[in-house]
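Written out below as structure tokens is the structure these notes cover.
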Amino acid sequence: MKKLINDPADVVKEALQGVAAAHGDRLKVLTDPNVIVRADAPIEGKVGLVSGGGSGHEPMHGGFVGPGMLDAACPGEVFTSPTPDQMLEATKAVNGGAGVLHIVKNYTGDVLNFEMAADLARAEDIEVEAVVIDDDVAVQDSLYTAGRRGVGTTVLAEKICGAAAEQRRSLTDVADLCRKVNANGRSMGMALTSCTVPAAGKPTFELGPNEMEIGIGIHGEPGRERKEVVPVHEIVSMLATPIVEDLPFGSGDKVLAFVNGMGGTPLIELYIVYYELHRFLSDRGIEISRNLIGPYITSLEMQGCSITLLKLDDELTALWDAPVNTPGLRWGA
Amino acid sequence: MSVSYSQVTDWVSAFAVAVAENKEYLTELDSAIGDADHGINMNRGMQAVVGKLGASTADDQTDIGALLKTVGMTLVSTVGGAGGPLYGTLFLQMGASAAGKPELSPQDWADALAAGVAGVQKRGKAERGDKTMLDALMPAVDKLQDALASGASFDDAVQASATAAQEGMTATIPLVAHKGRASYLGERSANHQDPGATSSWLLLRAAADTFSGNGAD
């Protein structure tokens with residue numbers, strides 16, 4: 001294992017020290033338990049937005065804390081859900097009297113820990129709503145699975161709900177909006193290489209030199225199928241076809257197209273993917289009216305990408321365009 | 001015959017030792033069908049528990065319920081993943097059942113374990129056969145209750161309970177997971193032993209080792 005780390009046990013702690021050193025003017029980094037919170041929190045009368053999850057997906061979630069997006073993020077160990085005490089601390093830190101929304105990715109650990117945290121917060125008379133994001137079409141959604149995983153749509157939901165919260169919309173409104181984003185967003189990812197969790201010291205899975213995994217999860221969970229690497233337009237078709245068919249997206253729809261890097265894939269390749277996606281959608285009469293291209297929800301150093309499409313209406317478009325000022329996403333500010 | 005405060009502490013410590021010894025094994029089982037962190041997470045949590053119990057200066061060691069709640073809260077705040085809330089809930093609910101008790105009768109122990117397992121079931125919304133820790137825990141509770149009801153000694157009952165957990169654990173091998181991250185694998189989750197059921201067996205085995213033979217008085 002060759003990584004820019006000092007000790008696998010200290011990865012999260014030392015990265016948080018870096019966040020504090022870099023963004024201490026805008027963010028507070030609490031330790032014991034670990035929470036990244038807006039420096040100006042709590043904001044009176046504003047719904048507080050809290051998310052969190054395992055570390056290793058940076059900039060999500062800590063990089064999305066700031067005006068127009070999250071009020072706090074709870075970083076867990078690498079690829080391990082954070083704990084309820086962190087979430088409770090975050091919830092208390094951002095509660096400005098208008099309630100707190102927990103945005104939770106659909107992983108059993110994240111869901112269970114956020115449920116316990118919500119119980120604890122309600123016991124302290126804080127109004128909490130939770131919305132679970134489950135947008136990964138690679139996973140069968142049935143009674144016999146834990147349901148679809150939460151992936152790329154999470155980033156979009158955090159941005160859009162953050163904008164709505166800045167407008168002082170109510171907790172119920174912001175939670176409904178979050179469910180609307182989740183209902184209109186679909187994602188699927190692929191990997192060219194595995195990734196190595198520092199504490200494990202070896203790759204989570206093995207891929208041959210000419211193999212790729214289609215439908216990969218953001219923790220290296222296996223996907224739908226393993227195949228030989230093919231040209232980019234074919235890969236884009238393998239990802240975008242199930243997405244488009246699932247919602248479905250059709251001719252005349254306006255979408256936000258999000259081409260996400262898994263951490264080890266350079267931007268130049270993501271733009272090639274974006275071009276192929278643009279062609280794929282144009283052929284179907286689907287208009288990309290907004291886009292986001294880059295590594296925003298990563299899997300350590302994994303090479304690969306994911307595609308997320310979000311069906312836009314005027315409300316979602318306006319909220320997407322609203323100012324945001326976070327380390328990971330910034331415009332209009 | 002009863003379980004004393006110090007025996008409960010010994011049980012928790014024995015579980016911590018078992019988890020530490022099996023850290024790699026649990027993680028290996030988890031890497032086959034999960035996300036390769038169960039042993040790492042449980043070990044981090046149980047080491048924190050051991051630290052907490054060692055640092056405890058409570059001179060009134062009379063409330064087993066409070067002890068179990070401390071274990072539960074420590075696990076909830078240190079393990080993460082799904083294991084944290086599930087094992088945390090197990091101990092918290094056991095603690096609620098044993099609240100205020102300086103020692104546990106065999107039936108108290110069985111009731112506490114049953115309450116803990118019911119809590120796990122409620123928190124995780126899983127059923128027996130879903131390939132989870134419940135596949136080890138539920139048969140263990142049933143066996144314990146049955147054995148006590150039929151007049152078995154506490155020694156025999158806790159041993160039978162651990163054996164039932166082991167059988168339940170082994171029986172997860174052919175199962176297709178319906179809960180947790182392993183469920184994403186569908187049929188591919190079969191032919192692997194569930195890591196959560198495995199750590200649960202370690203928990204019950206630690207109880208049998210601690211409470212039977214020279215353990216109980």
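Reminder, nothing fancy here: chain letters follow the sequence lines and each chain counts from 1. In what follows, every heavy atom counts, from backbone to side chain, and hydrogens, waters and symmetry copies are set aside.
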**Asked** For the residue pair Gly180(B) and Ala146(A), what are the closest heavy atoms and their distance?
**Response** O-CB, 3.6 Å
**Prompt:** Which region of Thr78(B), side chain (C-beta onward) or backbone (N, CA, C, O), has a non-hydrogen atom less than 4.5 Å from a non-hydrogen atom of chain A, or is it both or neither?
**Reply:** backbone
**Fill in**
Most heavy-atom pairs under 4.5 Å with chain A, out of Val76(B), Asp37(B), Asn41(B), belong to Val76(B)
**Prompt:** Can you say whether Ala177(B) sits under 4.5 Å from chain A via the side chain, the backbone, both, or neither, judging by heavy atoms?
**Reply:** backbone
**Asked** Is the NZ atom of Lys28(A) crowded by more than 12 outside heavy atoms at less than 6.0 Å?
**Response** yes
**Message:** Does Asp7(A) have more than 12 heavy atoms from other residues, nucleotides or ligands lying within 6.0 Å of its CG?
**Reply:** yes
**Request:** Below 4.5 Å from any heavy atom of chain A, which atoms of Ser77(B) appear? Answer side chain, backbone, both or neither.
**Result:** both
**Message:** Please check if the number of heavy atoms outside Lys122(B) that lie under 6.0 Å from its NZ is greater than 12.
**Reply:** no
**Item:** Engaged part of Val79(B) at the chain A interface, taking heavy atoms whose separation is under 4.5 Å
**Value:** backbone
**Structural part of Ile33(B) lying under 4.5 Å from a heavy atom of chain A** = neither
**Members of residues 110-120 of chain A whose heavy atoms come closer than 4.5 Å to chain B** = Leu112(A), Asn113(A), Glu115(A), Met116(A), Asp119(A)
**Message:** With a strict 4.5 Å heavy-atom criterion, list every residue of residues 79-91 of chain A that contacts chain B, or say none.
**Reply:** Phe79(A), Thr80(A), Ser81(A), Pro82(A), Thr83(A), Pro84(A), Asp85(A)
**Message:** A quick test of your reading: do over 12 heavy atoms of other residues, nucleotides or ligands sit less than 6.0 Å from CD of Gln107(B)?
**Reply:** yes
**Prompt:** Can you find a heavy atom in the side chain of Arg181(B) that is under 4.5 Å from one in the side chain of Arg149(A)?
**Reply:** no
**Prompt:** By number, which residues in residues 92-104 of chain B have some heavy atom less than 4.5 Å away from chain A?
**Reply:** Leu92(B)
**Prompt:** Sequence neighbours excluded, which residues qualify as ring-ring contact (aromatic ring centres under 6.0 Å, His included) partners of Phe64(A)?
**Reply:** none
